[in-house]
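Reviewing the structure listed below.
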Amino acid sequence: MSNNGEILNCVIIGSGPAGYTAAIYAARAGMKPVLFTGKEPGGQLMITTDVENYPGYPDGIMGPQMMEDFKNQAVRFGTEVRMELIAKVDFSGPVHKVWTESGEEIQAHSVIISTGASAKWLGLESEQTFMNKGVSACAVCDGFFFRNQEVAIVGAGDTAAEEATYLSKLCKTVHMLIRRDEMRASKIMQERVKNAENIKIYWNTETEEILGDDNGVTGMRIKNNVSGEVSEVPVTGFFVAIGHKPNTDIFKDWLDMEDSGYLITKPDSAKTNVDGVFASGDAQDHVYRQAVTAAGTGCMAALDAERYLSAKGII
């Protein structure tokens with residue numbers, strides 16, 4: 001592509017709801033975007049079975065099918081989709097440079113980042129075994145499937161407290177596992193958890209194994225790391241809420257980001273601190289982390305990029 005010296009109008013890095021929505025808008029604006037899918041084409045939705053809360057799918061849809069729909073729509077308007085990972089960037093000049101994992105250099109007038117975030121996991125083999133069969137990293141996405149059931153949640157921060165509270169309104173009992181003898185969550189979130197009658201807190205507790213059968217999760221084996229006592233608790237849902245890590249390491253030398261790695265955008269925009277570079281989706285949103293909000297910021301990024309290119313007389 002850029003081997004012949006061509007400078008692309010718009011490169012999109014990442015392929016979840018944010019990346020594909022940005023591609024749809026950019027392509028329809030005549031920007032001829034080239035989208036690099038990254039290692040996980042489709043992002044976190046590829047490990048999500050039933051998506052029931054995205055508008056326009058009244059019967060729900062499988063995550064991978066939904067991402068295929070997004071991709072086909074982007075391609076229909078002229079997006080070039082490349083199944084490659086961007087490994088390095090250089091945002092020092094007016095023309096931005098990115099390199100694929102195979103070492104190809106690509107130049108672009110504008111770059112839209114939609115590299116997403118990855119849930120942090122406990123690292124148990126049984127987590128992977130029962131992924132989407134009772135194990136989830138998003139209570140807001142999947143809590144509905146466990147109405148009136150016994151579930152567990154692991155974590156001690158604001159997200160864990162918020163998700164435990166959310167689950168408590170749907171589920172019979174929420175077993176909350178906390179590794180230490182205190183929570184990291186803010187005082188108000190801790191109060192909500194402690195005041196919920198059906199949230200049972202297990203202090204100094206770690207998960208040894210998630211138990212289950214062919215139908216999914218049936219329970220968990222937990223250990224008190226002070227007394228050494230091991231016990232089994234029957235649950236059908238197991239939620240991991242120990243945080244997310246935004247996939248933004250390659251931008252560290254170039255873009256402003258929070259200590260946790262989330263990219264910082266200017267108010268009411270997708271603009272980063274570098275002209276012509278825009279951020280969208282879970283790479284910059286640590287608050288909502290939903291497919292529909294990611295798609296919204298992908299739209300914002302494409303509109304901002306279009307205005308940027310228009311002002312420069314490039315399109």
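- Taking 4.0 Å as the cut-off between side-chain N and carboxylate O, Lys223 and Glu206 do not count as a salt-bridged pair.
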Note to self: Show, in sequence, the C-alpha distance, side-chain angles and deciding distance for Tyr20 and Glu68, and conclude whether the side chain to side chain contact (heavy atoms under 4.5 Å, CB included) test is met.
What the structure shows: CA-CA 10 Å; Tyr20 283 136; Glu68 189 64 23; over 6 Å; no

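- Checked against His96 for a side chain to side chain contact (heavy atoms under 4.5 Å, CB included), the options Val274, Val89, Ile106, Asp275 give a single hit: Val274.
- Of the N and O atoms on the side chains of Gln73 and Asp69, not one donor lies less than 3.5 Å from an acceptor on the other residue.
- Checking Ser118 against Asn247 by side-chain atom types alone, a donor-acceptor pair falls below 3.5 Å.
- Judged by the 6.0 Å and 45° rule, Arg28 forms a cation-pi pair with Phe77.
- Residue Lys245 qualifies as enclosed at atom NZ: its count of foreign heavy atoms under 6.0 Å is above 12.
- The aromatic rings of Phe91 and Phe251 sit parallel to each other, their planes meeting at less than 30°, with 60° as the upper class boundary.
- Close placement of the Phe239 and Phe146 rings is indicated, their centers lying within 6.0 Å of each other.
- Contact between Leu170 and Arg147 at its shortest, heavy atoms only, is CD2-NH1, 3.3 Å.
- Counting heavy atoms of neighbouring residues, nucleotides and ligands inside a 6.0 Å radius, atom CZ of Arg221 exceeds 12 of them.
- Taking a cutoff of 4.0 Å between a charged side-chain nitrogen and a carboxylate oxygen, Glu150 and Lys200 do not qualify as a salt bridge.
- Atom CD of Glu84 has more than 12 heavy atoms from other residues, nucleotides or ligands within 6.0 Å.
- Side-chain atoms of Asp158 and Ser186 include a donor-acceptor pair closer than 3.5 Å.
- Across Thr272 and Val277, no two heavy atoms sit closer than the pair OG1-O, 2.8 Å.
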